[in-house]
Every structure is written in C-alpha cells, then in structure tokens.
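Side chains included, hydrogens not; waters and symmetry mates left out as well; all remaining heavy atoms used.
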Amino acid sequence: MAQKPSIPKGTRDFSPVEMLRRKYIFNTIERVFQKYGYLPLETPAMENLETLTGKYGEEGDRLIFKVLNSGDFMQEVRDKWDAKYGSGPVEATADVIRDMRALALDVKASQVTEKALRYDLTVPFARYVVQHQNEIAFPFKRYQIQPVWRADRPQKGRYREFYQCDADVIGSKSLLSEVELVQLFDDVFTALDLQVAVKINDRKVLAGIAEISGQPEKVVDIVTAIDKLDKIGQEKVEEEMRAKGVSNEAITRIAPLFALRGTWAEQRPQLEQWLASSAIAQQGLKDLDFTFANAGTLHNARLEFDPTLARGLDYYTGAIFEVKALEGSLGSSICGGGRYDDLTGIFGLKNMSGVGISFGADRIYDVLLETGKFPAELGGSTKLLFANFGETEALHCLKLLRQVRESGIAAELYPDTVKMAKQFKYADDKGIAFVAILGENELKQGIITVKDMKSGEQRAVKEDELITLLS
RNA sequence: GUGGUUGUAGCUCAGUUGGUUAGAGCGCCGGAUUGUGGUUCCGGAGGUCGCCGGUUCAAGCCCGGUCUACCACCCCA
C-alpha cells in the first residue's frame, strides 16, 4: 500500500459540513461590512518579499512564509564548482572546504527568494492604496476576506494558514471611524449570537506611560511586558522590565497602572492625574473619551478600556482593539485591529491615516462550535430527493425535478437504480428532508408519494401539488 | 525559534515484566425486509501498530532519529 497522503503542517481540509458553517460566518461578517459601506477587495496570495519585510517587527519577519524562486538558482554554484574540480569526488582538504564555503556564501538571498505569502491583509492593502492612489476616492473603505499564512508553530486555534476578514478605512483621521468599528464589532457578534468583550486602548497612552517613566526609549519593552499582566502578574512583569533594562525608578513610576480597576469612567480620573505631565497621553485619553462617549448602546459587545492591551504589530499608532469571546474556553483573541498613521508612508504616500479591524474566522468557528451557536439549519443540503426506480420512472422524475428546481427548491434525483434502502440511507445521511417516491404504481395513477424523513409520514399528492407541499 | 508530551482499524481507545494468528465500541459493507432510512438481529471486510534505523533468539512494547498533532515559552487571528 502506498504511503497515505497528507497536507502540510498547520493546514487543514474543510469538509462540506465545516464549509457550510464557515460560510455562515463569512456571510454574516460580509453582510455587516457591506451594511457599513465597505467595498470588497482582493490582493494576490503572494507579495514581493520586500513589501512585507520590516512591517511586523522582528518576530513577524521570522514568521513570513517565503516562496522559493522557480528555476535552479544553484546552477551557477554548480558550474563554478565543476569548472574547478569537475563532477567527481574530491578530497576534503582545507582549501577545498574554503572554496565550498565561499561559493555557498556567494548565493544572494534575492537569488533564492523574492516573493512571500501574505502575512496579513493590512500591509497588502496599504500597498494597494499607494499603487492605486489616483483611482481611489478617499476616505476609502474596503473589506477583504482571504487566507493569510504564518510560519508559526501550530497549536490549538493557531494555524499556518487561516482566514482574516478585514475592514479598514483609510484617508481619514476622524475618530468617527473608531466609533463605527466598535459598532461594527457589536453588529457582527450580535448576528452571530456571541457575547464578547471589545477591549480598547491607545498607543498614545502607552507612549505616555513610557514618557512618565522617564525612559521613553524603552516604550516597546515596557509595553510588551505590561501586555502580559493578566497572564503572569505584576511581579513577573516588573521582573521582565528590569531584565530589559528598565530602571527601578521607572518601574515605580509605572506602578499606578497596576492599581487601575473598573470602568472607563472610574479609571479616567486616575489616568488624568497619573499621566498629567504627558501631552501625548492626554491626547490618547481624549481620543478614548470620544469613542466611549459615542459608541452608543451595544448589544452583545462590552466595550472595555484595557491599559495593558498593547498588540505586537509595529505600525499601530492610535487606538488598538482586541476582541475576546466571553463564552467558550478559547482564551486568545478572536479579533484585532487599530489605527495606523503612517502605514502607507513606507510605500511613499504620506499623511494617510487609517484604522481597521480583523476578524479571525477560524477562531470564531472554534468558539461557535464549542458553545453550540451554529444555527441548526445552514441551508446547504438538498430538500427533496427523487428515488430512482428505473429508466422510465427516472426520466419522468427528471421533468418534475426541473420544475422543482425552477421554483427555487434544492432537489436531486438519485442517479442509479439501486435498492430503496440504499437510496433512503443516502437521503438520511445527507439530511434531506423529503423523498419523492415515484414508481410504477404512482406513475400509473399520476401521483407522487412524498415521505417526510423526520416524522416518517408518507402522503400521496398530485404532481402539480408537489411544489406547494414543499414550500 | 527553544523545551516537553503524543501517535495502534475510518473514529474513540484497550493491548500484562518484550513471547505464537494485535482486540473492543462506534462507523462501513452484506443479509433478515426483491418499494422505505433513522431502531433491532445475524454475518463480513478493514492494521507493514506514524515513518526510518538500532538493541534482542524475539519489538506495538526498549533505544536513537524523523514527521504529525498537542502543551508551555515567544508571538499572535
């Protein structure tokens, strides 16, 4: 027997049942995106490597999937080697090894790879905006639902290929966008019937905290440390900051952060006082005020200020978002997002502020499955099956089948004349609601016996009554 | 990328200190029912024990490597 086939690490097949559920998620999100005025966009699976590198931080760069150039980029190396030593075996003297090393080091990275799979949808979007700036009406609101790839080590809820559903608005600094995105989160999770916490913070507040500490240059180290607060606790956070070279004095100045509790309204005065001397922090707080004041009544989403929320992506400059499910056991976030003031600047287009969010469809799937939130009827399966009794009967059914389908009802005719038990089992397995039995007897009388598979009841109807019965 | 756990039938799992033909439940196929699924009864098929190598008279079991899934870091959807 041949070796069983397999798929690459961290990738998955999706069965028909899984696809119906996934489509339910995608369709729900897409419908809401459209309702908010976002327009669809797709970009290629591959980008030029240089488009992606340096946009996601050190960690991110390591996780980019690079695509090997086609063609034999080692040919030149082989030719040079053969020219000097021929193709036969060579004794590995020090000189020979030195030559080998020199030849290997001579291969430029760009000869090996110059393309990479997209790591997220935001950077390709920024690239698109810069490339097509003259055709776009700003502010530009687009949504994009496509897979992304990360060379991460897979774990539960963490895949190497997964889908993101992004909505971004670029070309406006208005905080109305932040408000809109909070409402959009609420809209989607209300439609999906899932309770969530939408956590919000602002990079400007984080920058202010670093400023207050007296070590503004340590902002990244400080922020990534406090990001872990709920996971490892205050002591370990301080330990980590110390390890990264943050002084004890600075840590003392950061300490009020750990005492913050309660709602935005409750924390606000403390923040005001603590961060009074930082202009940038004050701006961040004011921006957050606006979002909290105008988000309005939310249904399934609870908007929470979280001063420890940092998010790793380098390009965020203003608001940052993260969504966690309040139901189910998945601790990690199911959505992320934030404002970036200069993402397009790196591609040569200045003064283009944007803000966007991303739904992690795969994780939302896991949560909905665990909590039993998928609707029972996902409308993917056939409603009526015509049993096949033989050529004459089947050809008669074919005509009826056409009418049934034209009336918008999903129906099929069993293709082979096999025993009834097998045909009924097929209907059962596929979750088909009704089976039309049209054998010799029915044909003679001009009727159809329709069996309701759920109740097991059967009734005879005239051919022209069939569609009414089903609709 | 670092450290760890895991792998036996399509699925979930047994398998004694290494010892003859590796088992169960569910599922699948066939029959009881030649026009009736989901319930019942009877029968059947299906395994190079993840893969490669080693130790041994003998390996599903011990050792090494490798791949996979999972867990903790790191990071993140």
Side-chain angles (χ1 to χ4, degrees), chain A residues 1-12 15 25 29 56-64 118-122 145-166 220 224-225 227-228 231-232 236 240 309-314 316 320-325 330-338 356-367 385 387-390 393 414 417-443 448-458 460:
Chain A
M1 199 173 81
Q3 178 84 17
K4 262 189 197 168
S6 62
I7 55 176
K9 189 204 294 237
T11 65
R12 296 154 298 158
S15 68
I25 295 173
I29 292 172
Y56 307 108
E58 249 176 87
E59 269 309 306
D61 276 2
R62 210 189 68 209
L63 299 179
I64 293 172
R118 75 169 98 74
Y119 177 92
D120 71 355
L121 301 177
T122 306
I145 299 175
Q146 286 189 278
V148 302
W149 294 268
R150 294 185 188 175
D152 211 352
R153 189 178 285 209
Q155 265 179 52
K156 199 178 191 66
R158 178 183 253 188
Y159 309 99
R160 289 185 143 185
E161 178 185 61
F162 61 96
Y163 272 74
Q164 286 190 336
C165 313
D166 276 29
V220 173
T224 52
D227 187 45
K228 297 173 191 160
K231 215 168 172 183
I232 62 176
K236 289 267 173 75
E240 182 168 327
L309 174 63
R311 299 191 55 79
L313 296 179
D314 275 0
Y316 290 125
I320 41 186
F321 300 105
E322 190 164 288
V323 176
K324 285 191 174 176
L330 187 76
S332 40
S333 59
I334 54 178
C335 304
I357 53 173
S358 180
F359 289 79
D362 302 79
R363 287 186 177 174
I364 293 171
Y365 181 100
D366 291 346
V367 173
L385 175 75
N388 187 322
F389 280 85
E393 293 88 344
Y414 197 89
T417 308
V418 295
K419 56 191 291 188
M420 279 307 109
K422 189 163 176 131
Q423 302 195 35
F424 274 87
K425 188 166 162 30
Y426 172 82
D428 195 42
D429 287 346
K430 216 169 158 178
I432 297 174
F434 298 95
V435 175
I437 302 154
L438 211 158
E440 203 181 338
N441 301 338
E442 285 85 356
L443 202 55
I448 307 167
T449 305
V450 178
K451 175 162 180 167
D452 180 332
M453 292 298 282
K454 204 170 253 171
S455 65
E457 281 167 30
Q458 271 180 211

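- The shortest distance between the side-chain N/O atoms of A:K231 and the OP1/OP2 oxygens of B:A72 is not below 4.0 Å.
- When the C1' atom of B:C71 is taken as reference, atom NZ of A:K156 falls 11 Å away, rounded to whole Å.
- The heavy-atom pair separating A:R363 from A:G157 by the smallest distance is NE-O, 2.7 Å.
- Separating the CZ atom of A:R158 from the P atom of B:C71 is a distance of 10 Å, rounded to the nearest angstrom.
- For A:R153 and B:C67, the CZ to C1' distance is 13 Å, given to the nearest whole Å.
- Taking atom CD of A:E457 as the reference point, atom P of B:G37 lies 17 Å away to the nearest angstrom.
- At the heavy-atom level, A:Q423 lies nowhere under 4.0 Å from the strands shown.
- Near RNA chain B, meaning a heavy atom under 4.0 Å away, the residues from residues 426-437 of chain A are A:D428, A:I437.
- By the salt bridge (charged side-chain N to carboxylate O under 4.0 Å, His left out) test, A:R158 is found to be paired with A:D152, residues two or more places apart in sequence or in another chain being considered.
- Listed by chain and residue number, A:Y414 satisfy the ring-ring contact (aromatic ring centres under 6.0 Å, His included) test with A:Y426 (two or more places apart in sequence, or in another chain).
- Take A:E440 and apply the salt bridge (charged side-chain N to carboxylate O under 4.0 Å, His left out) test, not counting sequence neighbours, and it matches no residue.
- Looking only at distances, no side-chain donor or acceptor of A:R150 sits under 3.5 Å from a matching main-chain atom of A:Y159.
- Taking atom C1' in both B:C73 and B:U17, one finds a spacing of 38 Å when rounded to whole Å.
- Side-chain atoms of A:R363 come within donor-acceptor range of the base of B:C76, with a qualifying N/O pair under 3.5 Å.
- Among the heavy atoms of the strands lying under 4.0 Å from A:S333 are primed sugar atoms or P, OP1, OP2 only; no base atom is included.
- Residues satisfying the salt bridge (charged side-chain N to carboxylate O under 4.0 Å, His left out) criterion with A:K419, sequence neighbours excluded, are absent altogether.
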**Asked** How is the base pairing of RNA chain B summarised as a dot-bracket string, given the Watson-Crick and G-U wobble criteria with both distances under 3.5 Å, [ ] for crossing and | for another strand?
**Response** (((((.(..((((.....[...)))).(((((.......))))).....(((((..]....)))))).)))))....
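- Rounded to whole angstrom, the span from the CZ atom of A:R12 across to the C1' atom of B:C70 amounts to 15 Å.
- The CG-P distance, from A:D227 to B:C76, rounds to 8 Å in whole Å.
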Please list, for nucleotides 31-34 of chain B, all pairs of protein and nucleotide N/O atoms separated by less than 3.5 Å.
residue	atom	partner	partner atom	Å
B:G31	OP2	A:K419	NZ	2.9

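- Under a 3.5 Å cut-off, the side chain of A:E161 and the backbone N or O of A:R12 do not form any donor-acceptor pair.
- At a cut-off of 3.5 Å, with distance as the only test, no side-chain donor of A:T449 or A:Q458 sits close to an acceptor on the other residue.
- When the ring-ring contact (aromatic ring centres under 6.0 Å, His included) test is applied to A:Y365, the partners found at least two apart in sequence or on another chain are A:F374.
- If you check every strand for non-hydrogen atoms under 4.0 Å, A:Y163 touches nothing.
- In the interface, the side chain of A:K451 is paired with the base of B:G37 through a donor and an acceptor atom under 3.5 Å apart.
- With sequence neighbours excluded, the residues forming a side chain to side chain contact (heavy atoms under 4.5 Å, CB included) with A:T417 are A:N388, listed by chain and number.
- The side chain of A:K9 has B:U68 as its nearest neighbour among B:C71, B:G37, B:U68.
- Atom C1' of B:G44 sits at a distance of 23 Å from the matching atom of B:U48, rounded to the whole Å.
- Among residues two or more places apart in sequence or in another chain, the side chain to side chain donor-acceptor pair (under 3.5 Å) test is passed with A:E322 by A:R311.
- Counting non-hydrogen atoms under 4.0 angstrom, A:Q155 reaches a base of the nucleic acid.
- Taking the ring-ring contact (aromatic ring centres under 6.0 Å, His included) definition, one finds that A:Y163 meets it with A:F26, sequence neighbours left out.
- Within 4.0 Å (heavy atoms only), A:Y159 reaches at least one base atom of the nucleic acid.
- In this structure, A:I7 places its CD1 atom 11 Å from P of B:U68, rounding to the nearest Å.
- With hydrogens and angles ignored, a donor-acceptor pair under 3.5 angstrom links the side chain of A:E442 to the base of B:G35.
- In this structure, A:E161 reaches neither bases nor backbone, as no heavy-atom distance under 4.0 Å exists between it and the strands shown.
- For the salt bridge (charged side-chain N to carboxylate O under 4.0 Å, His left out) test, no residue two or more places apart in sequence or in another chain qualifies with A:K156.
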